[in-house]
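Everything on this sheet refers to the single structure shown next.
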Amino acid sequence: MTITFTPLEIPFKVGATVFVNQEHGQRLSTPNGPVYPYFEAKIERIFFDGRLEEMSVIDEPVDTYELKVATAVYELKPIGPYKDLVKMPLRLRLPIKEPKLFSTEQELKDYLKSTQTAWPVKPDLEDAPS
């Protein structure tokens, strides 16, 4: 039996410093919004297909089987001003459709700015005739 694997690009390597476009679960949101809407972290490990339902299982005789990776889990250790936060996993479905990891804080902010949608503005009804 031959096992084939389709090469797949994933962003960043172990040891890379990234900005994560996600709240850290250790700091809960307040009525004013999230305490940390994003954070800086170092990638410590990367896992692939970490859950049983995503494992590849061969259950019939085949000559060739294509092994597919559907999930990457990044183990992130917050650093810099976020270093008091605990490590956390970040699960990404592959291929990645919406980026969660960015090289710089500015790159993350630019991405967030580009994806913002305009909220409808309520007219000021205070001066409206009754």
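Start at 1 with the first residue, then count along the sequence.
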Test salt bridge (charged side-chain N to carboxylate O under 4.0 Å, His left out) applied to Glu66 - qualifying residues, sequence neighbours left out:
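Once residues adjacent in sequence are excluded, Glu66 has no partner under the salt bridge (charged side-chain N to carboxylate O under 4.0 Å, His left out) criterion.
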Any residue meeting salt bridge (charged side-chain N to carboxylate O under 4.0 Å, His left out) with Glu44, in chain and number order, not counting sequence neighbours
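Salt bridge (charged side-chain N to carboxylate O under 4.0 Å, His left out) list for Glu44, sorted by chain: Lys87.
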Glu9, CD: over 12 other non-hydrogen atoms inside 6.0 angstrom
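No, because the 6.0 Å sphere around CD of Glu9 holds 12 heavy atoms or fewer from other groups.
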Establish whether Val18 and Leu112 are linked, either directly or via other cluster members, by ILVMFWY side-chain heavy-atom contacts under 4.5 Å.
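Both belong to a single hydrophobic cluster.
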Would Phe5 end up clustered with Leu94 when hydrophobic side chains under 4.5 Å apart are linked, directly or stepwise?
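Phe5 and Leu94: one cluster.
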Hey, are the side chains of [X] and [Y] touching, using non-hydrogen atoms and a 4.5 Å cut-off?
X     : Y     : value
Asp63 : Met1  : no
Ile79 : Thr17 : yes
Glu60 : Tyr65 : no
Leu76 : Val20 : yes

Picking from Lys42, His24, Glu40, Lys83, what satisfies side chain to side chain contact (heavy atoms under 4.5 Å, CB included) with Pro78?
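So, applying the side chain to side chain contact (heavy atoms under 4.5 Å, CB included) to Pro78 and each of Lys42, His24, Glu40, Lys83, only His24 qualifies.
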Run the side-chain contact (heavy atoms from CB on, under 4.5 Å) test against Ile46 and tell me which residues pass, sequence neighbours left out.
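Per chain and number, Ile46 pairs via side-chain contact (heavy atoms from CB on, under 4.5 Å) with Ile10, Val14, Ile43, Phe48, Ala72, Tyr74.
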By ring-ring contact (aromatic ring centres under 6.0 Å, His included), which residues pair with Phe12, not counting sequence neighbours?
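So Phe12 forms no ring-ring contact (aromatic ring centres under 6.0 Å, His included) with any residue.
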Tell me, please, which residues at least two apart from Phe102 pass ring-ring contact (aromatic ring centres under 6.0 Å, His included).
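Counting only residues at least two positions away or on another chain, Phe102 forms a ring-ring contact (aromatic ring centres under 6.0 Å, His included) with Tyr111.
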Nearest non-hydrogen partners of Asn21 and Pro99, listed with the distance
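Taking Asn21 first and Pro99 second, the nearest heavy atoms are ND2-O, 4.1 Å.
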Pairs involving residues 95-105, ordered by first then second residue, that meet salt bridge (charged side-chain N to carboxylate O under 4.0 Å, His left out) (sequence neighbours left out):
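Sorted pair list: Glu105-Lys109.
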